[in-house]
Student: 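The structure that follows is given in the form of structure tokens.
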Amino acid sequence: MRLQQHLHVLGAALLAAFAATLAFVIPFLMQVEESINIVVVTQILNLTMTTFMVATVHAVLFGLPLFLLVRRKRSHVGIVACALGGFVVAALPFGVLALMSMLSVQTASSNGKPTIVNGVPTLLFWIEYIRTVGLTALLGLVGGLAFWAAMQSGSGPRSWTVVSAAALLTCGVFILPVVVRDRSCHNLVRDSRTSLRPQVHANLKVPPEDWTKLEQTFAEFGQAQALSTRRDLHIRDGNIMWRSVSLCNDAGVSISVGDEPWVARIHPARADEGMTLSIYSLKPSWDWKPLAHLLLGEIEKIWPEKTTFRGPSGQILSFEDAMKGRP
């Protein structure tokens, strides 16, 4: 019976972590403005798994000891105590770490407005700090309420329902990101490789308004060369954060071009570098150079002298040196 009680409390803690995870992920889902595809799905599943891991650590390392301490002093731990406990468990560790991290820098800003000047926090810093910690604490409050609800099943047979639900949800959170994966040639790490660098890397100083034309050029080239084409777009608050087009085949050649409009709003100097073009060859047996020559020739005809080739350290390379690839 004692084992059942321990499992019940642990199961309730896991359900609390799952509830807090949902409270974080669902608002994120509501902000996704692009069409749902395998890339978006895998990102959401990985975000859910990571958030659940953090929430579980908080629930087990901080929440359970706090609950057991309170229960020693009181025979009944009510909904208010569980909610406040979750609030504190989420807010305190995060608040301390966030404060230490923020105060370790000498100068910082948010949306162009200073938050730390010469190591001294401004009023805006404290407003954003309280807002961030408060939102995190609300996730803990949701978890505390879920914990209280799970504990209401008592120590009878219904407690096994809590344990079973917690076990199933935990397994699902960790198994789904492994099962649901992008196994297409567009996923450069689908074969579990841990390091990857392009054979050719370049900056394209193509005007942002020419993105549609660039995208169409890639699509037509991909169709002519029997390459798979994928377009990715990430939008937040109606603004394009990043967009990309990739071409690939199962022989191991992958070509991608990406644009990050948000960089122009934060780092104008980086925005001047333009879009990024990368050519990968995942299999040494396949000659990537003919495809690279053809595509770069098409780009040069439409946007002459707009391509700057970069070496491993960011140094500028000539076309001939860039086409030698990287070992």
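In what follows, every heavy atom counts, from backbone to side chain, and hydrogens, waters and symmetry copies are set aside.
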Student: Restricting to ring pair (Phe, Tyr, Trp, His ring centres under 6.0 Å), what partner residues turn up for F67, sequence neighbours left out?
Tutor: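 Ring pair (Phe, Tyr, Trp, His ring centres under 6.0 Å) list for F67, sorted by chain: F147.
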
Student: Got a sec, which residues hit side chain to side chain donor-acceptor pair (under 3.5 Å) with H186, two or more places apart in sequence or on another chain?
Tutor: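 Here the qualifying residues are S228, S246.
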
Student: Going from NE2 on H8 to OG1 on T161, what distance comes out if it is rounded to the nearest 0.5 angstrom?
Tutor: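 Answer for the NE2-OG1 pair, H8 versus T161, is 9.0 Å.
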
Student: Got F62 and L92 here, is their nearest side-chain heavy-atom distance under 4.5 Å?
Tutor: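 Heavy-atom side-chain distance check fails, nothing below 4.5 Å.
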
Student: State which residues pass salt bridge (Lys or Arg N to Asp or Glu O under 4.0 Å) with R71; sequence neighbours excluded, sorted by chain then number.
Tutor: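 For R71 there are no salt bridge (Lys or Arg N to Asp or Glu O under 4.0 Å) partners, ignoring immediate neighbours.
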
Student: Mind checking whether T21 and F24 have side chains closer than 4.5 Å, heavy atoms only?
Tutor: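 No. Closest side-chain heavy atoms not under 4.5 Å.
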
Student: What residues, two or more places apart in sequence or in another chain, satisfy side chain to side chain donor-acceptor pair (under 3.5 Å) together with D259?
Tutor: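 Per chain and number, D259 pairs via side chain to side chain donor-acceptor pair (under 3.5 Å) with R243.
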
Student: Salt bridge (Lys or Arg N to Asp or Glu O under 4.0 Å): which pairs involve residues 209-228, sequence neighbours left out?
Tutor: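 Qualifying pairs, neighbours excluded: E215-R231.
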
Student: How long is the span from the NE2 atom in H6 to the CG atom in L68, to the nearest 0.5 Å?
Tutor: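 One gets 9.0 Å once the value is rounded to the nearest 0.5 Å.
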
Student: Give a yes or no on whether a salt bridge exists between E128 and R131, defined as a side-chain N under 4.0 angstrom from a carboxylate O.
Tutor: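 A salt bridge is absent here (no side-chain N lies under 4.0 Å from a carboxylate O).
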
Student: Taking only residues two or more places apart in sequence or in another chain, which ones pass side chain to side chain donor-acceptor pair (under 3.5 Å) with S278?
Tutor: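 Applying side chain to side chain donor-acceptor pair (under 3.5 Å) to S278 gives H201.
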
Student: Return a table of donor-acceptor pairs under 3.5 angstrom between the side chains of residues 54-61 and protein atoms on other chains or two or more places apart.
Tutor:
| residue | atom | partner | partner atom | Å |
| --- | --- | --- | --- | --- |
| T56 | OG1 | F52 | O | 2.7 |
| H58 | ND1 | V54 | O | 2.9 |

Student: Measure the acute angle between the ring planes of W126 and Y129, then classify it against the limits of 30° and 60° as parallel, tilted or perpendicular.
Tutor: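 It falls in the perpendicular class, over 60°.
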
Student: What pairs meet the side chain to side chain donor-acceptor pair (under 3.5 Å) rule with one or both residues in residues 306-320, with sequence neighbours excluded?
Tutor: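 Side chain to side chain donor-acceptor pair (under 3.5 Å) check on residues 306-320 returns N203-R310, S318-D321.
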
Student: Quick one: CG on L7 to CH2 on W160, what's the gap to the nearest 0.5 Å?
Tutor: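 Answer rounded to 0.5 Å: 5.0 Å.
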
Student: What are the two closest non-hydrogen atoms of G85 and L66, and how far apart are they?
Tutor: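 Result for this residue pair: CA-CD2, 3.9 Å.
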
Student: Would you mind listing the cluster partners of I127? Hydrophobic ones only (ILVMFWY), side-chain contacts under 4.5 Å, chaining allowed.
Tutor: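 In the cluster with I127 are L123.
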
Student: Considering the options I255, V200, V206, which one meets the side chain to side chain contact (heavy atoms under 4.5 Å, CB included) requirement together with L277?
Tutor: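 In the set I255, V200, V206, the residue that makes a side chain to side chain contact (heavy atoms under 4.5 Å, CB included) with L277 is I255.
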
Student: Going by the salt bridge (Lys or Arg N to Asp or Glu O under 4.0 Å) test, which pairs reach into residues 51-62, not counting sequence neighbours?
Tutor: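 Every candidate salt bridge (Lys or Arg N to Asp or Glu O under 4.0 Å) pair involving residues 51-62 fails, so no pair, neighbours aside, qualifies.
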
Student: Measure the shortest side-chain to side-chain distance between C82 and M151 over non-hydrogen atoms and say whether it is less than 4.5 angstrom.
Tutor: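 No, too far: nothing below the 4.5 Å cut-off.
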
Student: Of all residues at least two apart in sequence or in a different chain, which pass the ring pair (Phe, Tyr, Trp, His ring centres under 6.0 Å) check with F309?
Tutor: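 Counting only residues at least two positions away or on another chain, F309 forms a ring pair (Phe, Tyr, Trp, His ring centres under 6.0 Å) with F319.
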
Student: Mind checking what makes side chain to side chain contact (heavy atoms under 4.5 Å, CB included) contact with L84, not counting sequence neighbours?
Tutor: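 For L84, the residues satisfying side chain to side chain contact (heavy atoms under 4.5 Å, CB included) (neighbours in sequence not counted) are V80.
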
